[in-house]
A.B. asks: 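Quick one: structure below, then a few questions.
Just so you know, these numbers use all the heavy atoms, side chains as well, and skip hydrogens, waters and symmetry mates. Numbering starts at 1 and runs along the sequence shown.
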Amino acid sequence: MEFEHRSNFPQDLEYPPVDFRSNLNDEQFAAVTAGDQPALVLAGAGTGKTRTLTYRVAYLLERGVHPGNILLLTFTNKAAREMLARVEDLTGVPRRAFWGGTFHSIGQRMLRMHGEPLGIEPNYTIMDQSDAESLLADVIKELDPQFLKDKNNPKTKVIANLISLARNTCQSLDDVVMGFYPYFREHINDFARFSQTYSERKKRQQVADFDDLLVFWLEILQTQEEVARYYQERFQHILVDEYQDTNLIQAQIIDLIGARDQIMAVGDDAQSIYSWRGANYENILHFPDKHRNTNIFRIETNYRSTPEILRFANGVIRQFHPGQGFFKTLRPSRGHSQPPLLIRVMNGREEAAAVISRITGLLDEGRSLKDITVLYRAHYQALDMQMELTRQNIPFQITSGVQFFEQAHIKDLVAQVKFAYNPRDSRAFHRFACLLPKIGSVTAERIFQAALAEADKSGEHVARTLISRPALAKVPKAARKHWESLTATLEGIVEAAGDRSPSEVVSLAAVGWYSDFIQTLYPNYRQRMDDLQSLVGFAGRFSDLQELLGQIVLMNSETSQTSVYPEEDKLRLTTVHQAKGLEFPVVFLLAASDGLFPLARAMENDGLDEERRLFYVAVTRAMDELYMTSPHLIQFGMNTKILQPSRFIQALDPTLYEMARFHRKPSW
């Protein structure tokens, strides 16, 4: 077989000399100048992982390896661009000379060149997530026209997610459903039909989704021996970034292409935090077992954080039992500073006040808002923080989503409460009515007007006339069987709004019709249900419904247009997952209490190890100062919970951090 994609880049190249010895520390130098046998580079947080990879490429080029014989694999386009740009700056070799990029980008190239035996033409097109879900929805409607119309059945996004998870974890659909979606077990056979027909339809239309780029790449290597052999010979060196984040398919691809043991895997088992999207922690742990004579290099000199922060972080990761990972100790290169501070607060409101009080102090000391980041485990934990920042007109940006009250599921629930309070609020009615099958804005308005006319005649609340004959006549047949559940919930909310507390009203909405609906609509419905329960707790602060709804509206409408801060100077709020790979001068970690971090759900479902790694990722984002807040009480749903500081902190030597209590005049 003749392959026509060899690089046109000149074979005889000269590179500017690189002084490896003076530009690298001993640990980095050892990894960069390693021999040709397989290597596992364990690069701790802030130790110069990208620098090590960049210089490794330069070293290979200096040894005479052609750029086209080096494969660089990353997980994000940003990481790929950064790494290749650094290589180009260091060596002068343009990035196009390398085979470098994300797994998916390399996979799509492989599929264009070698996909025909699998039925994929070179001119196939790649669907984005929206297009893929649209095609799957068409398949489902064709196979079972009633399936998506039944509110008890999962929506297309959920089905697409479970099919994707099965493919990325190399599990059967049965196992994925029983492990992650047991409430849909009765539909296992339906999912199998949908998945099979979806695959056939993609090939017929010559389109591929993102998962196909990996699945078919692996199939090419497994079924086309000559192709596999060619790439095994061509890629004399394979460098894989963030190896701890690989899933089973990616690990198998690497093993097949790197069958001659020319792999350097770079990563940190202590930062493996993506099992929920298919990453397999075992891949990095068992790399030395799969690749004989693996050299293990530990890069532990940290250039990011102060010694005090590193001692704290080392204490967190040492809580793992021996044998659970590769032992590493981050060593500081910077001078001493203050130890991490744990601030005990009574509740979320006091937590926000404490953080903003310290932020004000930092600004007085010369810091800018852009130097400061607030991290949290789950979105709902930042609700009070967002409210207080808005109230004090402090500009902030959320880089892991939208503001709490702007989230779709929060707006859906609030719309039901608004409608119960003001039955003439047609916009609120449209918000939740249009969630049902075959109901768009025109139909919703017809239903609303019919129910409103009946209410004007009878004097009843519109929620009660939604089941009147004139209103029901406007409800599409496909939505009729959902209507009873929705209207029953609305009637319950209306009744409660008359004499019960705002938290009880919101709780009825959260556990009514919408609690079933959200389960079918969102793959991450558990996190969204946590948000709804947090909203119930928030409602408990108000004595009447009008006050609650007014505050929510103000939260969404207030801006920082009159802010005294520079336009570009904003405080960053983000989840720990979104902050991985980043660093910040000052970090505030919210909700460092048991049940919040680690999450109660993780504590119940054998997820503590990954929560601990996530906690480690959080604290190692901090460069100069680390503050952690630990609420004593949380209002979650209708219950008040008493919390202790996170077990990850309680297990530490208390000399590794300082503790303060906030009493409006903090003792830091």
A.B. asks: When rounded to the nearest 0.5 angstrom, what is the spacing between CD1 in Ile398 and CG in Leu571?
C.D. replies: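 Ile398 CD1 to Leu571 CG: 10.0 Å, rounded to 0.5 Å.
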A.B. asks: Taking the side chain from Gln252 and the backbone from Leu218, do they hold a donor-acceptor pair closer than 3.5 Å?
C.D. replies: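 The answer is no, because no donor-acceptor pair under 3.5 Å joins these two groups.
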A.B. asks: Taking Thr246 as the fixed residue, which of Leu73, Asn280, Ile254 is the one that meets the side-chain contact (heavy atoms from CB on, under 4.5 Å) rule?
C.D. replies: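 Of all the options given, the one that passes is Ile254.
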A.B. asks: Distance-only, no hydrogens or angles: does the Gln319 side chain make a donor-acceptor pair with backbone N or O of Phe648 under 3.5 Å?
C.D. replies: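 Here the side-chain-to-backbone pair exists.
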A.B. asks: Which atom pair, heavy atoms only, marks the closest approach of Val32 to Leu24?
C.D. replies: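 Scanning both residues, the minimum pair turns out to be CG2-CD1, 3.8 Å.
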A.B. asks: Should the pair Asp624-Arg367 be classified as a salt bridge under the 4.0 Å nitrogen-to-oxygen rule?
C.D. replies: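 Result for this pair is yes, salt bridge flagged.
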A.B. asks: Between Ser172 and Asp174, is any side-chain donor less than 3.5 angstrom from a side-chain acceptor?
C.D. replies: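 There is no such pair (donor and acceptor under 3.5 Å, judged by atom type) between the side chains of Ser172 and Asp174.
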A.B. asks: Regarding Glu82 and Arg86, does a basic nitrogen lie under 4.0 Å from an acidic carboxylate oxygen?
C.D. replies: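 Arg86 and Glu82: salt-bridged.
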A.B. asks: Decide yes or no for Ile518 and Asp412: does some side-chain heavy atom of the first lie under 4.5 Å from some side-chain heavy atom of the second?
C.D. replies: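 Ile518 does not reach Asp412 side chain to side chain.
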A.B. asks: For a quick test of reading the model, state the closest non-hydrogen atom pair linking Val316 to Arg612 and the distance between them.
C.D. replies: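 Shortest heavy-atom separation between Val316 and Arg612 comes out as O-CD, 3.6 Å.
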A.B. asks: Please check: side-chain N/O of Asp245 versus main-chain N/O of Ala279, any donor-acceptor pairing under 3.5 Å?
C.D. replies: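 Between the backbone of Ala279 and the side chain of Asp245 there is no qualifying donor-acceptor contact (under 3.5 Å).
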A.B. asks: Any chance the rings of Tyr380 and Phe636 have centres within less than 6.0 Å?
C.D. replies: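 They qualify: ring centres under 6.0 Å apart.
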A.B. asks: For Lys157, does the NZ atom sit with more than 12 other heavy atoms under 6.0 Å from it, leaving out its own atoms?
C.D. replies: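 Atom NZ in Lys157 is not crowded, with 12 or fewer foreign heavy atoms closer than 6.0 Å.
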A.B. asks: Could you walk me through whether Arg167 and Asp209 pass salt bridge (charged side-chain N to carboxylate O under 4.0 Å, His left out), step by step?
C.D. replies: CA-CA 12 Å; Arg167 301 182 79 189; Asp209 59 28; 3.6 Å; yes
A.B. asks: Can you tell whether the side chains of Glu365 and Arg358 come within less than 4.0 Å, N to carboxylate O?
C.D. replies: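 Between Arg358 and Glu365 there is a salt bridge, with a charged N closer than 4.0 Å to a carboxylate O.
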A.B. asks: Check the side chains of Tyr181 and Gln519 for a donor-acceptor pair under 3.5 angstrom, ignoring hydrogens and angles.
C.D. replies: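 Per modelled atom types, Gln519 and Tyr181 side chains form no pair under 3.5 Å.
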A.B. asks: Please work out which of the three classes, parallel, tilted or perpendicular, describes the rings of Phe75 and Phe103, given edges at 30° and 60°.
C.D. replies: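 Rings of Phe103 and Phe75: tilted, as their planes differ by 30° to 60°.
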A.B. asks: To the nearest 0.5 Å, what is the distance between OG1 (Thr52) and CG (Asn25)?
C.D. replies: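 CG of Asn25 is found 7.0 Å from OG1 of Thr52.
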A.B. asks: Between Trp217 and Gly107, what is the shortest heavy-atom contact and its length?
C.D. replies: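 In this case the closest contact between Trp217 and Gly107 is CE3-CA, 3.5 Å.
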A.B. asks: Within this structure, what is the CZ-CD distance for the pair Arg344 and Glu351, rounded to the nearest 0.5 Å?
C.D. replies: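 Arg344 atom CZ to Glu351 atom CD measures 11.0 Å (nearest 0.5 Å).
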A.B. asks: Taking atom types as modelled, find out whether His291 and Asp255 have a side-chain donor-acceptor pair closer than 3.5 angstrom.
C.D. replies: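 Their side chains do contain a donor-acceptor pair, which is all the 3.5 Å distance test asks for.
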A.B. asks: Between the side chains of Ser630 and Ser593, is a donor N or O closer than 3.5 angstrom to an acceptor N or O?
C.D. replies: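 Side chains of Ser630 and Ser593: pair found under 3.5 Å.
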A.B. asks: Under 3.5 Å, side chain of Asp594 to main-chain N/O of Arg647, donor-acceptor pair present?
C.D. replies: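 The answer is yes, because a donor-acceptor pair under 3.5 Å joins these two groups.
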A.B. asks: Flag the pair Arg541 / Gln635 as yes when at least one side-chain heavy-atom distance between them is below 4.5 Å, and no otherwise.
C.D. replies: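 Side chain of Arg541 against side chain of Gln635, heavy atoms only: no contact under 4.5 Å found.
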A.B. asks: Kindly say whether Lys370 contributes a backbone atom to a donor-acceptor pair with the side chain of Asp569 at under 3.5 angstrom?
C.D. replies: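 Here the side-chain-to-backbone pair exists.
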A.B. asks: Compare every heavy atom of Asp211 with every heavy atom of Ser164, then report the nearest pair and how far apart it is.
C.D. replies: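 Result for this residue pair: OG-OD2, 2.7 Å.
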A.B. asks: Say whether, by atom type as modelled, one donor and one acceptor occur between the side chain of Arg334 and the main chain of Met623 under 3.5 angstrom.
C.D. replies: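 A pair under 3.5 Å: yes.
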A.B. asks: Which of parallel (below 30°), tilted (30 to 60°) and perpendicular (above 60°) describes Tyr657 and Phe312?
C.D. replies: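 Rings of Tyr657 and Phe312: perpendicular, as their planes differ by over 60°.
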A.B. asks: Could you check whether any side-chain N or O of Glu625 sits under 3.5 Å from a backbone N or O of Val586, counting only pairs where one atom can act as donor and the other as acceptor?
C.D. replies: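 Such a contact is absent between Glu625 side chain and Val586 backbone.
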A.B. asks: Aromatic rings Tyr243 and Phe287: how do their planes relate, parallel, tilted or perpendicular, breaks at 30° and 60°?
C.D. replies: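 Tyr243 vs Phe287 ring planes: perpendicular.
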A.B. asks: Would Tyr616 and Phe320 count as a close aromatic pair, with their ring centres under 6.0 Å?
C.D. replies: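 No, ring centres 6.0 Å or more apart.
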A.B. asks: Do Tyr281 and Asp609 have side-chain N/O donor and acceptor atoms under 3.5 Å apart?
C.D. replies: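 Result is no, nothing qualifies.
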A.B. asks: Scan side-chain atoms only and decide if Arg318 and Thr329 contain a donor-acceptor pair under the 3.5 Å cut-off.
C.D. replies: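 A pair is found: one side chain offers a donor N or O, the other an acceptor, under 3.5 Å apart.
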A.B. asks: Look up atom OG1 in Thr360 and atom CD1 in Ile394, then write down how far apart they are to the nearest 0.5 Å.
C.D. replies: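 That separation rounds to 5.5 Å.
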A.B. asks: Is the number of heavy atoms from other residues, nucleotides or ligands within 6.0 Å of NZ (Lys580) greater than 12?
C.D. replies: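 Atom NZ in Lys580 is packed in, count exceeds 12.
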A.B. asks: CD of Gln129: more than 12 outside heavy atoms within 6.0 angstrom?
C.D. replies: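 Incorrect, the count does not exceed 12.
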A.B. asks: Do the side chain of Gln28 and the main chain of Thr47 share a donor and acceptor less than 3.5 angstrom apart?
C.D. replies: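 Looks like yes, one N/O pair under 3.5 Å.
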A.B. asks: Looking only at heavy atoms, which two atoms of Ile296 and Pro288 are closest? And how far apart?
C.D. replies: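 Minimum heavy-atom contact is CD1-CG, 4.0 Å.
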A.B. asks: Using 4.0 Å as the upper bound for N to carboxylate O, is an ion pair formed by Asp653 and Arg311?
C.D. replies: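 Salt bridge absent between Arg311 and Asp653.
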A.B. asks: Less than 4.0 angstrom from a charged side-chain N to a carboxylate O is my criterion; do Asp384 and Arg349 meet it?
C.D. replies: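 The answer is no: the pair does not qualify as a salt bridge.
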A.B. asks: Taking the ring of Tyr183 and the ring of Tyr525, is the distance between their centroids below 6.0 Å?
C.D. replies: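 Yes, close enough.
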A.B. asks: Is Lys328 salt-bridged to Asp268, cutoff N-O under 4.0 Å?
C.D. replies: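 Yes, this pair counts.
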A.B. asks: Going from CD on Glu611 to CG on Leu599, what distance comes out if it is rounded to the nearest 0.5 angstrom?
C.D. replies: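 One finds 5.0 Å between CD of Glu611 and CG of Leu599.
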A.B. asks: For the pair Gln650 (side chain) and Pro645 (backbone), establish whether a donor and an acceptor sit closer than 3.5 Å, ignoring hydrogens and angles.
C.D. replies: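 Checked: pair present.
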A.B. asks: Let me confirm one number: the CG-CG distance from Leu342 to Leu589, rounded to the nearest 0.5 Å.
C.D. replies: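 Answer for the CG-CG pair, Leu342 versus Leu589, is 10.0 Å.
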A.B. asks: Quick check against the 3.5 Å criterion: does Arg601 have a side-chain atom that pairs as donor or acceptor with the backbone of Gly607?
C.D. replies: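 Here the side-chain-to-backbone pair does not exist.
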A.B. asks: To check you understand the geometry: which heavy-atom pair defines the closest contact between Leu165 and Gly278, and what is its length?
C.D. replies: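 Looks like CD1-N, 4.2 Å.
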A.B. asks: Salt bridge or not for Arg613 and Asp269, using N-O below 4.0 Å?
C.D. replies: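 Here Arg613 does not pair with Asp269 in a salt bridge, since their nearest N and O are not under 4.0 Å apart.
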